[in-house]
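Along the sequence shown, the residues carry numbers beginning at 1. Note that ligands are numbered from 1 as they come in the structure, with each ligand's atoms numbered from 1 the same way.
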Amino acid sequence: MTGPCRRAPSQLPHSAARTSLGRVSSRQVVAAGYGGPEQLEVREHDPGEPGGGQVLVEVRAIGVNAWDVKSYSGSAGTDPDKLPILLGGECAGVVLDGDLPAGDEVIVHPVSGAYADRVVAKVGSCVPKPFGMPFEEAAGLMLTGTAAAHLVAATGVARGETVLLNGAAGGVGLFAAQLARHRGARVLGTALPDDHAVLRELGVEPFDFREDVAAWVRERAPDGVDAVLDAVGLPTVLDLSLDVVRSRDRVATLVPSPAATERGIAQLGFGEGADPGTELRAAARHDLVAAVEQGWLRVFVADRFPLARAADAHRAMGGGHGAGKIVLVP
Ligand SMILES: NC(=O)c1ccc[n+]([C@@H]2O[C@H](COP(=O)([O-])OP(=O)(O)OC[C@H]3O[C@@H](n4cnc5c(N)ncnc54)[C@H](OP(=O)(O)O)[C@@H]3O)[C@@H](O)[C@H]2O)c1
């Protein structure tokens, strides 16, 4: 991989020296048990040396995602053999060693254990970071960005259509809003009032999800919306989605659940019967980078926390965290 972000060797961080790798201590945040954010622990770890087809990356920022919290909350099981649970599926940083040039600035996704100072990742998980893009924004681009790309593709959003986007101001929602707008669709988006200004800036018509969403949608789209893009998954939200859409074939959710199965709603991601969209998402990583470089896709950072305060970041994920992504900074 070559990219515009390669730095001169003189700019490499001191810790890049291959000889020092074995001695550099790195922190990592893991879930030591199942439960709430109090289960998170900061521990020393040795990231190891990269093998063939791998790189060692100095992590500059990490994207926090809903799955990070769910992975140890108990909602996805409580198998003691899986403890401690590594956290973090995306980050951005600088290559220190391995099969890419040291100094390359990369976005890393998918990856496991990104809540760390350093991480070993596959070369295939690295995409060049757009030149000049802050690490904190880059760290939040991929996981929800690719999920949003999947959502927009699966619902077939097209120019001139009107779509309802549930959870428009979240990590997924803001990307889905921009992608749908870029395809030329009119987007009706639900979010708390504090987040309406940013949605209007993106050309979305926002509405408070605590009010009567179905009545509001019917007023704007009396014949029904063409598609519903769901990043919420609650049964009530799925029901109102089916109420206002012309054809249930064009409703998809990123939150697989029995409620979605019972309603015959297309489910994307992980879970029984869900479409993981592996190839589509892998390809979308490059499209997202291109969109950032072309200037029409933005990453909104709602809040940032030091890595050691990952538990506070997870508490903030609990609700009302403001529009966009939460990131951790080592
Ligand atoms: N399947 C996949 O591949 C995949 C990938 C990424 C994410 N996801 C899932 O998608 C969901 C959203 O992820 P995210 O990263 O966007 O989370 P997020 O950043 O927390 O965003 C969720 C948004 O939904 C809002 N919200 C809460 N209740 C709502 C309701 N009844 N109606 C409309 N909006 C509501 C929240 O508002 P407040 O916080 O302001 O209350 C928040 O802005 C999560 O369940 C996540 O696990 C799935």
Side-chain angles (χ1 to χ4, degrees), residues 63-73 75-76 87-90 109-110 139-155 164-179 187-199 204 206-214 216-217 228-241 244 252-257 259-260 265-278 280-282 284-285 288 299-303 313-327:
V64 174
N65 287 288
W67 171 253
D68 302 344
V69 181
K70 289 179 189 175
S71 67
Y72 67 93
S73 68
S75 66
L87 302 170
E90 63 177 343
H109 171 72
L141 175 63
M142 287 302 174
L143 196 149
T144 49
T146 54
H150 192 187
L151 190 56
V152 168
T155 48
L164 171 64
L165 171 57
N166 300 321
V172 168
L174 285 174
F175 287 122
Q178 294 177 84
L179 297 174
V187 179
L188 311 179
T190 57
L192 290 177
D194 280 355
D195 300 331
H196 287 188
V198 67
L199 288 171
V204 174
F207 190 71
D208 186 344
F209 56 75
R210 297 167 303 183
E211 309 283 331
D212 187 346
V213 175
W216 172 76
V217 173
V228 180
L229 288 61
D230 179 72
V232 176
L234 294 173
T236 50
V237 175
L238 298 179
D239 285 338
L240 86 83
S241 300
V244 300
T253 181
L254 280 168
V255 191
S257 70
I265 289 175
Q267 302 170 65
L268 313 177
F270 307 101
E272 215 179 300
D275 169 15
T278 312
L280 184 151
R281 292 185 189 209
R285 295 178 312 153
L288 293 169
V299 179
F300 293 83
V301 175
D303 211 347
H314 281 198
R315 288 183 187 103
M317 282 297 284
H321 61 61
K325 300 290 300 182
I326 292 179
V327 297

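The protein atom (non-hydrogen) at minimum distance from atom 40 (O) of ligand 1 is Leu192 CD1, 3.1 Å. Nearest non-hydrogen protein atom to atom 18 (P) of ligand 1 is His321 NE2, 3.6 Å. In this structure, the protein non-hydrogen atom closest to atom 25 (C) of ligand 1 is Phe209 CE2, 4.0 Å. Taking atom 38 (P) of ligand 1 as the reference point, the nearest protein heavy-atom neighbour is Gly320 N, 3.2 Å. At the top of the distance list for atom 24 (O) of ligand 1, counting protein heavy atoms only, stands Gly167 CA, 3.6 Å. Closest protein heavy atom to atom 5 (C) of ligand 1: Ala147 CB, 3.5 Å. Ranking protein heavy atoms by distance to atom 19 (O) of ligand 1, first place goes to Gly171 N, 2.8 Å. Counting only heavy atoms of the protein, atom 21 (O) of ligand 1 lies nearest to Gly170 CA, 3.2 Å.
Neither the backbone nor the side chain of Asn65 comes within 4.0 Å of ligand 1, counting heavy atoms alone. Counting heavy atoms closer than 4.0 Å to ligand 1, residue Arg210 contributes nothing at all. When heavy-atom distances to ligand 1 are checked against a 4.0 Å cut-off, Val255 comes that close only through its side chain, counted from C-beta outward.
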* **Worked verdict on Leu174 versus Leu199 for side chain to side chain contact (heavy atoms under 4.5 Å, CB included)** => CA-CA 8 Å; Leu174 285 174; Leu199 288 171; 3.7 Å; yes
* To do: Apply side chain to side chain contact (heavy atoms under 4.5 Å, CB included) to the pair Arg210 and Leu192, showing each step before the final yes or no.
  => CA-CA 8 Å; Arg210 297 167 303 183; Leu192 290 177; 3.6 Å; yes
* **Residue pair Tyr72, Leu87: steps toward the side chain to side chain contact (heavy atoms under 4.5 Å, CB included) verdict** => CA-CA 9 Å; Tyr72 67 93; Leu87 302 170; 4.1 Å; yes
* Residues Leu268, Thr253; criterion side chain to side chain contact (heavy atoms under 4.5 Å, CB included); working and verdict -> CA-CA 6 Å; Leu268 313 177; Thr253 181; over 6 Å; no
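Listed here is the closest heavy atom pair of Thr155 and Ala252: CG2-CB, 3.7 Å.
Here the side chains of Asn65 and Thr144 are in contact, with some heavy-atom distance below 4.5 Å. The shortest distance between side-chain heavy atoms of Glu90 and Thr146 does not fall below 4.5 Å. Between Pro206 and Asp195 there is no side-chain heavy-atom pair separated by less than 4.5 Å. Two residues are said to be in side-chain contact when any heavy atoms from C-beta on lie closer than 4.5 Å; Leu164 and Thr190 meet this criterion. Residues Val213 and Phe207 are in side-chain contact: their nearest non-hydrogen atoms beyond the backbone lie under 4.5 Å apart. Taking the side chain as every heavy atom from C-beta outward, His150 and Asp275 approach each other to under 4.5 Å. Using a 4.5 Å heavy-atom cutoff, the side chains of Leu229 and Asn166 are not in contact. A 4.5 Å side-chain heavy-atom check between Leu188 and Trp216 finds at least one atom pair inside the cut-off.
At least one N/O-N/O distance between Arg281 and ligand 1 falls below 3.5 Å. Residue Phe270 has no N or O atom closer than 3.5 Å to an N or O atom of ligand 1. Looking at Leu268 next to ligand 1, an N or O pair under 3.5 Å apart turns up. At least one N or O atom of Leu254 sits closer than 3.5 Å to an N or O atom of ligand 1. Residue-to-ligand polar distances keep Gly324 apart from ligand 1: every N/O pair is separated by 3.5 Å or more.
Atoms of ligand 1 lying under 4.0 Å from any heavy atom of Ala66, numbered from 1 in the order shown and given with element: 44 (C), 46 (C), 47 (O). Atoms of ligand 1 lying under 4.0 Å from any heavy atom of Ala231, numbered from 1 in the order shown and given with element: 11 (C), 12 (C). Heavy-atom proximity to Thr144, at under 4.0 Å, picks out these atoms of ligand 1: 15 (O). Atoms of ligand 1 lying under 4.0 Å from any heavy atom of Val237, numbered from 1 in the order shown and given with element: 31 (N). Residue Lys70 approaches ligand 1 through these ligand atoms, each under 4.0 Å from one of its heavy atoms: 44 (C), 45 (O), 46 (C), 47 (O).
Of the listed options Asp208, Val172, Leu174, Ile326, Val172 places a heavy atom closest to atom 13 (O) of ligand 1.
Of the protein's heavy atoms, none falls inside 4.0 Å of atom 36 (C) of ligand 1.
Side chains of Ser241 and Asp230: no donor on one and acceptor on the other come within 3.5 Å.
Within the structure, ligand 1 lacks Gly233 among the residues with a heavy atom less than 4.0 angstrom away.
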